[in-house]
Amino acid sequence: MSTPQNPNEIKIELAPEVAKGIYSNLAVITHGPNEFFVDFITMAPNMPQAKVQSRIVMTPENAKNLMGALIENVKKYEATFGEIRPKRPLNNNIGGHGGEIPNPFINSGKA
């Protein structure tokens, strides 16, 4: 006899072409009144252009839920592996950012 399924459980299928993932080292986040747009981009050094690799569109509520989930997962990661520290260039004044490499995932604006 099988155990009843949890009615809140969702069966998620991961296709092989999606399972490989897409690397991103830059994201552009914009929003309108009803949705958030997150464009994931891969930037190569010394290249003047970059292509959007993937765009995710979500409701403001789901964007906030995602933010909470990311915060929770970063805390779990740091509890296991130690604090994630921003990388600093050897020359502390590169790009006029006071030694810090700018966060490539903070770029909010209205769509």
Side-chain angles (χ1 to χ4, degrees):
M1 190 163 130
S2 65
T3 311
Q5 292 279 333
N6 178 348
N8 294 327
E9 192 173 292
I10 299 171
K11 183 178 179 183
I12 298 173
E13 183 179 323
L14 184 60
E17 61 273 8
V18 176
K20 68 180 179 172
I22 296 173
Y23 178 77
S24 173
N25 56 8
L26 173 69
V28 175
I29 303 167
T30 55
H31 64 275
N34 299 310
E35 60 275 312
F36 274 71
F37 297 84
V38 185
D39 292 331
F40 291 97
I41 300 160
T42 304
M43 288 279 300
N46 302 316
M47 296 298 288
Q49 289 186 337
K51 255 185 161 175
V52 172
Q53 301 295 319
S54 182
R55 171 176 272 187
I56 304 297
V57 182
M58 61 180 63
T59 65
E61 294 84 2
N62 282 341
K64 191 167 185 176
N65 289 337
L66 175 61
M67 180 182 68
L70 282 169
I71 289 168
E72 182 180 324
N73 277 273
V74 167
K75 286 178 183 178
K76 289 178 182 177
Y77 177 95
E78 289 183 328
T80 302
F81 299 105
E83 181 183 357
I84 301 168
R85 295 178 187 228
K87 290 184 175 33
R88 296 182 185 273
L90 295 176
N91 177 350
N92 283 340
N93 203 17
I94 290 178
H97 295 286
E100 284 207 17
I101 297 171
N103 184 339
F105 295 99
I106 296 177
N107 189 0
S108 300
K110 292 185 178 181

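Scanning both residues, E78 and I84, for their nearest heavy atoms gives OE2-N, 2.9 Å. In this structure, N46 and P48 approach most closely via the heavy-atom pair O-CD, 4.0 Å. The two residues P60 and P33 have their closest heavy-atom pair at CG-O, 4.1 Å.
In this structure, S24 contributes its side chain and T42 its backbone to no donor-acceptor pair below 3.5 Å.
One distance of note links CD of E72 with CE of M67; it measures 12.5 Å at 0.5 Å rounding. Rounded to the nearest 0.5 angstrom, E61 CD and F36 CZ are separated by 9.5 Å. Distance check: T30 OG1 to E35 CD gives 9.0 Å after rounding to the nearest 0.5 Å. Between L70 atom CG and N65 atom CG the span is 11.0 Å, to the nearest 0.5 Å.
Residues F40 and I22 are not in side-chain contact: their nearest non-hydrogen atoms beyond the backbone lie 4.5 Å or more apart.
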Side chains of residues 50-57: which donor-acceptor partners sit under 3.5 Å, not counting sequence neighbours?
from, atom 1, to, atom 2, distance (Å)
Q53, NE2, K51, O, 3.4
R55, NE, D39, OD1, 2.6
R55, NH2, D39, OD1, 3.4
R55, NH2, D39, OD2, 2.9

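Within a 6.0 Å radius of CD in E17, more than 12 heavy atoms belonging to other residues, nucleotides or ligands are found.
In this structure, V74 is a member of the same hydrophobic cluster as F81, with clusters built from ILVMFWY side-chain heavy atoms closer than 4.5 Å.
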